[in-house]
**Q** 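There's a structure below that I have some questions on.
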Amino acid sequence: MLTPDMTPVKLVPRQFKDGEGAVAVHSRYLDIAAKIRERIEANEWEPGAKLPRLDDFAAEYGANRDTVGRAIGVLEAEGYVWAVQGRGITVRYGTIRPRRPRGNLVKRNATAPGYSFPSATSQEVWKHHISPVVSAEPLNDPRIAKLLKVEPGTLVMRRFRVTGPESEPPFQINISWIHPRVANVPGVASQAPGPGDWLYRLEMAGHWPISWMEIHRARMPSKQEAALLEIPTNLPVLEIVRVGTSGSDGQPVEVTEYIVASDRVETIHVLHRDESAQDPWPDEINEG
């Protein structure tokens with residue numbers, strides 16, 4: 001920048017007093033984020049607790065509301081808090097949020113008929129974080145409709161769940177779409193004592209054994225999904241779409257969408273050799 005007489009002027013970030021000295025404006029929100037982070041790590045607020053309002057923080061730190069909002073945005077990106085308009089700012093589990101490996105084994109339940117899928121084990125108890133819902137809904141997602149082999153807009157039975165281990169925050173959203181040709185099987189719409197009971201009932205109705213295929217992809221959550229999983233909207237989720245196929249006619253009987261916060265799960269895949277890679281390389285190639 002130059003003055004009217006063409007003398008160069010050095011630009012310096014505007015500063016103000018913060019009790020301990022001058023703080024540059026451009027780093028002020030980082031300073032506030034660091035102070036709130038330290039308080040969270042010191043357990044001033046337990047996971048699940050609501051933080052003070054932005055206006056309260058602004059008054060406490062002598063800053064404006066926008067600066068505090070930027071500080072909260074930093075903590076949200078780091079996984080310390082999640083903010084939902086109208087619901088306030090909630091403390092998350094931060095960088096120690098428990099992760100779970102997800103392999104490829106489907107297990108029989110130990111206590112009741114049904115199945116436990118890779119994100120769970122048959123020994124642990126999972127709970128519902130909201131009341132489970134079963135309802136007939138139009139299946140408008142063309143991708144899911146194609147996998148279920150129904151026309152988009154078809155009225156389909158939907159099972160909606162938000163579940164996770166008892167001692168943890170919500171782990172996953174489960175949305176199961178049941179093909180209309182099997183939706184009237186007794187017990188498919190009920191809330192059974194064990195997980196995966198409705199799949200057992202489909203098998204007992206003539207579809208044994210059901211086989212499954214999964215499609216995985218990462219994406220950003222919707223606002224509703226973020227609220228249900230207690231995560232910020234800028235944290236990606238892992239979307240797992242499971243297709244269950246009848247053992248009797250080879251046609252799909254269900255498609256289930258799992259939506260899991262990306263900081264909660266790690267997928268594990270065992271790699272298998274193709275037929276072309278089963279034998280050792282010939283010695284003459286190695287010698288060459």
Side-chain angles (χ1 to χ4, degrees), residues 84-85 102 104 106 114-115 117-120 128-164 170-192 195-229 231 233-262 264-265 267:
V84 178
Q85 188 172 5
R102 195 176 199 280
N104 57 4
V106 178
Y115 296 101
F117 286 86
S119 55
H128 293 285
H129 287 267
I130 65 170
S131 297
V133 177
V134 177
S135 58
E137 303 288 343
L139 178 47
N140 295 321
D141 186 332
R143 177 170 174 253
I144 302 300
K146 182 178 181 180
L147 291 171
L148 193 60
K149 294 189 177 181
V150 299
E151 289 296 319
T154 300
L155 205 63
V156 177
M157 178 188 291
R158 186 187 75 154
R159 294 170 56 95
F160 185 89
R161 307 287 188 271
V162 179
T163 60
F171 184 85
Q172 65 188 19
I173 301 169
N174 309 19
I175 307 171
S176 295
W177 298 92
I178 317 302
H179 197 283
R181 69 192 174 94
V182 298
N184 61 352
V185 171
V188 170
S190 66
Q191 177 54 42
D197 173 88
W198 60 279
L199 293 165
Y200 155 78
R201 294 179 184 275
L202 288 180
E203 290 184 328
M204 294 295 290
H207 297 283
W208 167 269
I210 295 175
S211 58
W212 293 279
M213 177 266 293
E214 289 186 341
I215 304 166
H216 296 204
R217 69 175 181 177
R219 63 171 173 80
M220 303 307 293
S222 68
K223 288 185 178 180
Q224 181 186 24
E225 290 167 346
L228 289 171
L229 292 173
I231 61 173
T233 55
N234 60 2
L235 178 70
V237 293
L238 175 65
E239 178 194 82
I240 301 167
V241 176
R242 184 189 77 207
V243 181
T245 301
S246 168
S248 64
D249 60 16
Q251 296 300 310
V253 290
E254 61 95 11
V255 175
T256 296
E257 301 170 80
Y258 295 99
I259 300 141
V260 189
S262 59
R264 299 297 309 278
V265 66
T267 60

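Index from 1, following the sequence.
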**Q** Considering only heavy atoms from C-beta outward, does the side chain of Phe117 approach that of Asn174 to under 4.5 Å?
**A**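 Counting from C-beta outward, Phe117 and Asn174 never come under 4.5 Å.
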
**Q** Checking side-chain contact (heavy atoms from CB on, under 4.5 Å) against Glu254, which of His207, Arg242, His179 comes through?
**A** Arg242

**Q** Calculate, to the nearest 0.5 Å, the distance between atoms CD1 and CD belonging to Ile240 and Glu257 respectively.
**A** 11.5 Å

**Q** Would Arg219 and Ile259 count as a side chain to side chain contact (heavy atoms under 4.5 Å, CB included) if you check the C-alpha gap in whole Å, the side-chain angles of each, and the deciding distance to 0.1 Å?
**A** CA-CA 10 Å; Arg219 63 171 173 80; Ile259 300 141; 3.7 Å; yes

**Q** Of all the heavy-atom pairs spanning Ala183 and Ile178, show the shortest one and how long it is.
**A** CA-CG2, 4.1 Å

**Q** Kindly determine whether Phe171 and Thr163 satisfy side chain to side chain contact (heavy atoms under 4.5 Å, CB included), including the steps that lead there.
**A** CA-CA 6 Å; Phe171 184 85; Thr163 60; 5.8 Å; no

**Q** Tell me whether Arg161 contacts the main-chain N or O of Ile175 through its side chain, where contact means a donor paired with an acceptor under 3.5 Å.
**A** no

**Q** Quick check: closest heavy atoms across Val237 and Met220, and the distance to 0.1 Å?
**A**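 Shortest heavy-atom contact: CG2-C, 4.3 Å.
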
**Q** How close do Arg181 and Pro252 get, counting heavy atoms only, and between which atoms?
**A**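 Closest approach of Arg181 to Pro252, heavy atoms only: NH2-O, 3.1 Å.
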
**Q** Describe, in one word, how the ring planes of Tyr115 and Trp212 are oriented to each other, choosing from parallel (under 30°), tilted (30 to 60°) and perpendicular (over 60°).
**A**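 It falls in the perpendicular class, over 60°.
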
**Q** Say whether, by atom type as modelled, one donor and one acceptor occur between the side chain of Arg158 and the main chain of Pro138 under 3.5 angstrom.
**A** no

**Q** Could you pull out the closest heavy-atom pair between Ala261 and Leu235, with the gap in Å?
**A**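 Distance-wise, the nearest heavy atoms are CB-CD2, 4.2 Å.
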
**Q** Look only at the side chain of Ser262 and the backbone of Pro236, and say whether a donor-acceptor pair between them is shorter than 3.5 Å.
**A**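 The answer is yes, because a donor-acceptor pair under 3.5 Å joins these two groups.
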
**Q** Is the shortest side-chain heavy-atom distance between Thr154 and Leu148 below 4.5 Å?
**A** no

**Q** Do the side chain of Ser246 and the main chain of Val253 share a donor and acceptor less than 3.5 angstrom apart?
**A** no

**Q** Taking the side chain as every heavy atom from C-beta outward, state whether Glu225 and Glu239 have any atom pair closer than 4.5 Å.
**A** no

**Q** Ignoring hydrogens and geometry, is there a side-chain-to-backbone donor-acceptor pair from Arg159 to Val188 under 3.5 Å?
**A** yes

**Q** Using side-chain heavy atoms (C-beta onward) and a distance below 4.5 Å, is Val150 in contact with Pro180?
**A** yes

**Q** Any side-chain heavy atom of Arg143 sitting closer than 4.5 Å to one from Ile215?
**A**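 Heavy-atom side-chain distance check passes, below 4.5 Å.
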
**Q** Where is the tightest heavy-atom contact between Glu203 and Ile210, given as atom of each residue plus distance?
**A** OE2-N, 3.0 Å

**Q** Between atom CZ of Arg102 and atom CD of Glu214, what is the distance when rounded to the nearest 0.5 Å?
**A** 4.0 Å

**Q** For the pair Trp177 and Glu137, evaluate side chain to side chain donor-acceptor pair (under 3.5 Å) and give the outcome as yes or no after the intermediate values.
**A** CA-CA 9 Å; Trp177 298 92; Glu137 303 288 343; over 6 Å; no

**Q** For side chain to side chain contact (heavy atoms under 4.5 Å, CB included), just list the numbers for Met157 and Trp198, CA-CA rounded to whole Å, side-chain angles, deciding distance to a tenth of an Å, and then say yes or no.
**A** CA-CA 12 Å; Met157 178 188 291; Trp198 60 279; over 6 Å; no

**Q** In Å, rounded to the nearest 0.5 Å, how long is the span from OH of Tyr258 to NE2 of His216?
**A** 10.0 Å

**Q** Do you know which two heavy atoms are closest between Asp249 and Gln251, and how far apart they sit?
**A**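 Closest pair (atom of Asp249, atom of Gln251, distance): OD1-N, 3.0 Å.
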
**Q** Between Gln224 and Ser222, does any side-chain donor sit less than 3.5 Å from a side-chain acceptor?
**A** no

**Q** How far does CG of Leu147 sit from OG1 of Thr256, to the nearest 0.5 angstrom?
**A** 11.5 Å

